[in-house]
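Worksheet: one structure, shown below.
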Amino acid sequence: SSPCSACVTSMYFRIARYKYYPYQRNTYVIGRQSIIIDFITRYTPNTRFTVPAREMGSILRSEEMMLLQLLLQSDSAYACVRELGEVGKVEFKDLNAEVSAFQRKFVNELRRCDEMERMLRFFVSELEKAGIPIAEPPLNCQAPDPHHLIDLETLFSNDEESLKQLNANQESLRKNLLDLKELKHILDKAQTFFQEGEEVLAEAFVQQQTTAGVVGGAGGGAPAMELRSTDVEAAAAETKFTFLIGVVPTENLLVFTRVLWRVCRGNVFVKHAQIEEPLEDPITGNPVVKSVFILFFQGEQLNARIKKLCDGFRATLYVCPESGPERRQVRDQVGVRIGEVESVLRNTTNVKDVALGKIAQSVEEWQQKVKKIKAIYHAMNMFNLDMGHQSLVAECWCPVRDFQAVQEALNRGTHLSGSPVSAIVNRISTPETPPTYYKVNKFTSGFQAIVESYGVASYRELNPTPYAIVTFPFLFGVMFGDIGHGLMMLILACVLIGFEKKLAKTKEGGEFLSIIFSGRYLLLLMGLFSVYTGIIYNTLYSRTTNVFGSAWRPYY
Amino acid sequence: MSLAEYGFNVDNGYLEGLLRGFRSGILNKTEYLNLVQCETIDDLKLQLQATDYGNFLQNEPSPIAVSVIDEKLRSRLVVEFRHFRNHAVEPLSTFLDYITYSYMIDNIILLITGTLRQRQIAELRNKCHPLGSFAEMESVNIASTPADLYNAVLVDTPLANYFKSCITQTDLDEVNIEIIRNSLYKAYIEDFYQFCQNIGGATADVMGTILAFEADRRAFIITINSFGTELTADDREKLYPSCGKLYPYGLHQLAKCEDYEQVRQVAETYPEYASIFAGAGNNPGEKTLEDRFFEREVQINMLSFMQQFHFGIFYSYIRLKEQESRNIVWIAECIAQRHRTKIDNYIPIF
């Protein structure tokens, strides 16, 4: 009996209002609940509402709107709102305006939707990185039921976990590959380094010998002394030159060498060469240009300091054997290992691509579904909870013409959710001005948008759009006025309209081209009027043409 | 009549306009009230979405930690600053570089302290402030004496000039590090002050006020923190920056102070600082001295936006954004730890 009492009081309300606002016609009185159900099942709107022709909305005036109050049962509310959303003809009023956004009823569900959207964004970015095209969504993705929400969530989080795992594997493999490649380049360049290093050491050795006065008078012309590598190696062992070889990013190279020189107080010999091909950074995948460097120095202390310095500049040090044949052996081993790691990396990438391919099939559909779920919960946040938390009360504006569709949507919703009690629709009369709603088609929508950019007309006021459809292109034609250029505009517009079904689907072209596409009917009319005024102006491609001859007749 | 106002917009008009746009996005009182009413960090994220910050947290998996929020706020500021620095020409570019020097000093001291405590360079790298990063930064860990530090690492950086007073120290250990930090900062702030005076006009005016306050605040804090340590009065006096209102007589008296009461008496002879020290204390219901200094800093920085055609707004914007980050992190911490008694201790800006 509680709905009954609410209805009785609202009945009083309405009758009272009827007294004061006699122009509010088309109110119907609501009795007890059985009568309501009787009413809805028996009467079709057309017999109840006699809508005179002049009250039908058209492009000249906005549609007649009515304020509906919906009483939805809790278990069928979601399905009803979903069906109403698919019909797309109602605008809900926010009954909880004074409540802040995070104190409303369905905040948790909205948070879960945000989480799901974050995971979907992650999927899309992974797909873009791997270069896999995303499939087109099917035409009608219905939002799933609330208990399917959890299934979707677990599906997304599982996919995300496995993708993250694959990414981590790939990263470690890439790092491995990078190390091996760097080592390969080092071994390649080491030969030249050691030769030059030996020359410098040899010079230092010669200087030492001459200053120590060891060179005896073994014959004049000794400057071109033949030094065998064994001598140099012996010298190197004697004077204990240690060397460190490694790889550093080229952008740090200059600063690195300068700081190195300062730290060792000039007692270090540096040689560097850039690696020709840029190496791939394991984490970001961007190519990084690196250089190989080799340092010759003396002393253990310097060794420790230089190692710390290399840490700071992100230079990685490698172990490189000194003698040539050893180096060649290591080089071959490294080559084999690089081949192995590359094949493992390729396998991992394939596995990941397969997983991503599966996701790419449905990611667009999922995105649309999640968006619809969010919209449903946003709408449900605007409803009031009725006593006992059994039902939700919603208020919405609906065009009078589409009441039938709304009714059917609610019936479908109740039926699909399997609820025994159907939703109840009341019409409320209110002194509030209803919103302005125009039924536009693809031709008038462009002009309506232009007119609305100046301001939206109030309810049932005269709509300037029908007049603007003619005057706006005409004035454009007056200013443009050229047969040839007008024809070009006309042809462009006809092409756009001819292929509009195909062009509407493609998303590429950017924002600029989509603006032109959405104004194609405007372009058509502008082109037409331009040709017309061009004929009046006698202008073809900015050249005057004489078509009709002069209209001057001498009358003397 | 200064001609600066006529030519300012040629080079700096775009950046000033952009900066004032950012400044109008700084959170105001109603937005802070909304933040304070949040129950969980997710609510905080929702509220921040309605502000100028927008969706900066949207790709973080929940639950979000407060350190993540701090990092994201800081990276937002760094992106804005980098944009300004990339588009700036002289003298604004040097001015913005001066702003980064203070972060460089902090980074160097952080790295040296970390090295002393045997921490790894990789984790220290993450704690450095991104605005103060420079190429040779990570090689400070090889230095064991200040002379070493200077010769090896800092001589090529802009901080080289500030080191002249520090090279007399013998070794890098905990106490000396603080002395080095403060001497570097003193040299830096005096240099910055001189630079602004050389630019002249409204910049000299505005920045003079701001830097004078900063210098005096440093002097007070150094004095108060040095009670109970082995820092002598003479050493202390060498660390006071000389570009503030306290120079020279106030600084001299501060050097002779032995406890908090004497410091307060010195402050009372200067009307601006008397009001800061009055009512400051550690009892519940009173604000701490640091908080009152922050409040005064916020006031001074807000005033710099009242004038146009000067560079002080860039400095003030960074300071105000930092204060805002501190506020948001404070509120987030209070919410995360469910300790809401002191949640109103943020410092409102607008």
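To find a chain, count down the sequence lines: A is the first, B the second, and so on, and within it residues start at 1. All of these numbers come straight from a predicted model, not from anything done at the bench.
Each of Arg305(A), Met119(A), Lys307(A) has some count of heavy-atom pairs under 4.5 Å with chain B, and the biggest count is that of Arg305(A).
Under a cut-off of 6.0 angstrom, the local environment of NZ in Lys175(A) is sparse, with at most 12 non-hydrogen atoms contributed by other residues, nucleotides or ligands. The environment of NE2 in His339(B) is sparse: at most 12 heavy-atom neighbours from other residues, nucleotides or ligands sit within 6.0 Å. A 6.0 Å sphere centred on CD of Gln120(B) holds no more than 12 heavy atoms belonging to other residues, nucleotides or ligands. Heavy-atom neighbours of Glu171(A) CD from other residues, nucleotides or ligands within 6.0 Å: above the threshold of 12. Counting heavy atoms of neighbouring residues, nucleotides and ligands inside a 6.0 Å radius, atom CD of Glu98(A) exceeds 12 of them. The neighbour count for Glu90(B) CD, taken as heavy atoms of other residues, nucleotides or ligands under 6.0 Å away, is above 12.
Using modelled atom types, one finds no donor on one side chain facing an acceptor on the other under 3.5 Å when comparing Asn59(B) with Arg118(A).
Counting only residues at least two apart or in different chains, salt bridge (Lys or Arg N to Asp or Glu O under 4.0 Å) contacts with residues 51-66 of chain B comprise Glu60(B)-Lys72(B). Applying the ring pair (Phe, Tyr, Trp, His ring centres under 6.0 Å) definition to pairs two or more places apart or across chains, those involving residues 155-177 of chain A are Phe156(A)-Trp366(A).
For residues 250-263 of chain A, the interface with chain B (any heavy-atom pair closer than 4.5 Å) comprises Val255(A), Arg258(A), Val259(A), Arg262(A), Val263(A), sorted by residue number. Within residues 35-49 of chain B, the residues approaching chain A closer than 4.5 Å by heavy atoms are, in numerical order, Gln37(B), Cys38(B), Thr40(B), Asp42(B), Asp43(B), Leu46(B), Gln47(B).
Interface remark: Arg121(A) contributes side-chain atoms only to the contact with chain B (heavy atom separation under 4.5 Å).
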